[in-house]
Participant: 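One structure follows; several queries about it will come next.
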Amino acid sequence: MTLRLVNNAIMMDKLGTLRQAETEPDTFRRIIGELSVQLFFAAASELPFSEREICTPISTATVRKVSKEISLISVMRAGNGMLEAILHVWPKSSVGHIGIYRDKFLNNTVEYYCKTPGHLSDTAVFVMDPIIATGDTAIASVSRLKDMGCRDISFLSIVTSALGKDLFREAHPDVNLYAVSCDDELVEDGYIKPGLGDVGARFYNSK
Ligand SMILES: O=P(O)(O)OC[C@H]1O[C@H](OP(=O)(O)OP(=O)(O)O)[C@H](O)[C@@H]1O
Ligand SMILES: O=c1cc[nH]c(=O)[nH]1
């Protein structure tokens, strides 16, 4: 697995706004969506395509069509914020939802929901969750997808911790991870520093 950092001056400017504690939920949501689309486009550079001849208004041209079906898998709940924006740019995707969280008392992950497309293993699977902190949730989500037969998996995340990235790579060396930032530290309660805070709570203006 490689961590591909997808960032440029504009994306970093937007990430800075996301990091600011006083950023309002409407702006927070919009930027999560914008950055998610950039991650999806970067990850899509690995997709297979076929070529065909078409007529433009001026001449003929050889154009490319994506030749593999795409599945988008949201790790709830914060993954839903990325899903919405990506679905908007590739509406013919199939969509699945996985509900997995890290239970700090059990010191394990707990799955509470899983609904995915039936033909998932034949598709290019893009899993999304804005945060990889300890890595437990991302690792468990990808393991679940592999149990269903998925082999072509990319993981999209806005911010990963360095530790989470390393543990993810150990667990799933065959999965490419795309992120806007890799932050150095994890603090008490498993939050990334500087990070984004509680992303689900900030996205939904909720607890
Ligand atoms: O790498 P980990 O240590 O497992 O932490 C990352 C998880 O934490 C956040 O979700 P959270 O559990 O806060 O749930 P939410 O999406 O419902 O807010 C985030 O969206 C990841 O799913
Ligand atoms: O930094 C973190 C860690 C876990 N969950 C979040 O929402 N943020």
Side-chain angles (χ1 to χ4, degrees), residues 1 3 5 14-25 27-29 31-36 39-40 72-87 95-116 125-146 153-173 175-207:
M1 173 286 261
L3 167 64
L5 282 179
K14 288 177 183 287
L15 180 69
T17 305
L18 275 191
R19 287 196 195 277
Q20 262 179 281
E22 64 270 27
T23 296
E24 297 286 346
T27 305
F28 192 85
R29 282 180 201 136
I31 295 178
I32 289 276
E34 290 167 348
L35 295 178
S36 301
L39 290 170
F40 177 62
L72 307 177
I73 305 295
S74 162
V75 180
M76 298 194 293
R77 88 189 135 158
N80 286 0
M82 301 177 72
L83 171 65
E84 209 177 302
I86 295 174
L87 197 51
V95 175
H97 296 82
I98 297 185
I100 289 182
Y101 69 92
R102 183 173 56 86
D103 188 308
K104 58 186 171 197
F105 299 108
L106 295 177
N107 201 21
N108 208 342
T109 50
V110 178
E111 179 181 312
Y112 61 93
Y113 190 88
C114 186
K115 282 247 191 312
T116 56
V125 177
F126 294 81
V127 193
M128 53 208 71
D129 187 333
I131 292 286
I132 298 177
T134 64
D136 289 349
T137 307
I139 290 168
S141 304
V142 171
S143 296
R144 186 72 165 91
L145 291 165
K146 286 185 173 173
I153 305 174
S154 305
F155 202 104
L156 314 182
S157 190
I158 306 290
V159 177
T160 177
S161 72
L163 174 71
K165 176 258 297 174
D166 288 343
L167 294 175
F168 186 87
R169 175 168 45 201
E170 231 170 78
H172 298 298
V175 175
N176 283 327
L177 172 60
Y178 297 83
V180 182
S181 177
C182 178
D183 291 4
D184 287 337
E185 271 187 74
L186 268 185
V187 291
E188 221 177 306
D189 283 346
Y191 278 90
I192 300 178
K193 184 179 167 187
L196 303 175
D198 186 335
V199 172
R202 294 186 69 195
F203 190 93
Y204 290 110
N205 197 19
S206 168
K207 284 189 191 160

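Note that ligands are numbered from 1 as they come in the structure, with each ligand's atoms numbered from 1 the same way. Given the structure is predicted, the values throughout are model-derived calculations rather than measurements. Just so you know, residue 1 is the first one in the sequence shown, and it goes up from there. Computed over heavy atoms, backbone and side chain alike; hydrogens, waters and symmetry mates excluded.
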Participant: Dump the pairs for me: ligand 1 N or O, protein N or O, distance under 3.5 Å, to 0.1 Å.
Facilitator:
| unit_1 | atom_1 | unit_2 | atom_2 | d |
| --- | --- | --- | --- | --- |
| ligand 1 | 1 (O) | A133 | N | 2.8 |
| ligand 1 | 1 (O) | T134 | N | 3.1 |
| ligand 1 | 1 (O) | G135 | N | 2.9 |
| ligand 1 | 3 (O) | R102 | NE | 3.0 |
| ligand 1 | 3 (O) | T134 | N | 2.9 |
| ligand 1 | 3 (O) | T134 | OG1 | 2.6 |
| ligand 1 | 4 (O) | T137 | N | 3.0 |
| ligand 1 | 4 (O) | T137 | OG1 | 2.5 |
| ligand 1 | 16 (O) | R77 | N | 3.0 |
| ligand 1 | 16 (O) | A78 | N | 3.1 |
| ligand 1 | 17 (O) | R77 | NE | 3.1 |
| ligand 1 | 18 (O) | R77 | NE | 3.2 |
| ligand 1 | 18 (O) | R77 | NH2 | 3.3 |
| ligand 1 | 20 (O) | D129 | OD1 | 2.7 |
| ligand 1 | 22 (O) | D129 | OD2 | 2.4 |

Participant: Using modelled atom types and a 3.5 Å cut-off, is there a donor and acceptor pairing between side-chain atoms of D183 and backbone atoms of G195?
Facilitator: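 Such a contact is found between D183 side chain and G195 backbone.
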
Participant: Calculate, to the nearest 0.5 Å, the distance between atoms CG and NZ belonging to L167 and K165 respectively.
Facilitator: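 Reported value, rounded in 0.5 Å steps: 10.0 Å.
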
Participant: Output yes when the distance from some N or O of ligand 2 to some N or O of A133 is under 3.5 Å, and no in every other case.
Facilitator: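 No, A133 has no N/O under 3.5 Å of an N/O on ligand 2.
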
Participant: Please list, in number order, the atoms of ligand 2 under 4.0 Å from a heavy atom of I192.
Facilitator: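 Near I192, the atoms of ligand 2 are 1 (O), 2 (C).
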
Participant: Does the side chain of T116 come under 3.5 Å of the side chain of R144 through a donor N or O and an acceptor N or O?
Facilitator: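 No - no donor-acceptor pair under 3.5 Å links their side chains.
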
Participant: Compute whether any side-chain donor of one residue and acceptor of the other, for S74 and N80, lie under 3.5 angstrom apart.
Facilitator: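 Checked: S74/N80 side chains pair up, N/O donor to acceptor below 3.5 Å.
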
Participant: Answer yes or no: does atom CD of E22 have more than 12 heavy-atom neighbours from other residues, nucleotides or ligands under 6.0 Å?
Facilitator: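 It does: E22 CD has more than 12 such atoms within range.
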
Participant: Below the 3.5 angstrom mark, is there an N/O of G200, backbone or side chain, next to an N/O of ligand 2?
Facilitator: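 No, since none of the N or O atoms of G200 sits under 3.5 Å from an N or O of ligand 2.
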
Participant: Give the residue, atom name and distance (to 0.1 Å) of the protein heavy atom nearest atom 7 (O) of ligand 2.
Facilitator: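 Ranked first by proximity to atom 7 (O) of ligand 2 is V199 N, 2.9 Å.
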
Participant: When you measure from atom 2 (C) of ligand 2 to every protein heavy atom, which one gives the shortest distance, and what is it?
Facilitator: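 For atom 2 (C) of ligand 2, the nearest protein heavy atom comes out as Y191 CD2, 3.4 Å.
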
Participant: For the residue pair Y101 and Y112, does the interplanar ring angle fall in the parallel (under 30°), tilted (30 to 60°) or perpendicular (over 60°) class?
Facilitator: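 Taking Y112 first and then Y101, their aromatic rings sit tilted (interplane angle of 30° to 60°).
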
Participant: Looking at atom 5 (N) of ligand 2, what's its closest protein heavy atom, distance included?
Facilitator: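 For this ligand atom, the closest protein heavy atom is I131 CG2, 4.0 Å.
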
Participant: Tell me, which protein residue and heavy-atom name are nearest atom 6 (C) of ligand 2, and how many Å apart are they?
Facilitator: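 Atom 6 (C) of ligand 2 sits closest to the protein heavy atom G197 O, 3.4 Å.
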
Participant: Could you tell me, atom by atom, which parts of ligand 2 come under 4.0 Å of a heavy atom of D198?
Facilitator: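 Checking each atom against D198, I get 7 (O).
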
Participant: I need the atoms of ligand 2 closer than 4.0 Å to a non-hydrogen atom of G190, numbered in the order shown.
Facilitator: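 Near G190, the atoms of ligand 2 are 3 (C), 4 (C).
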
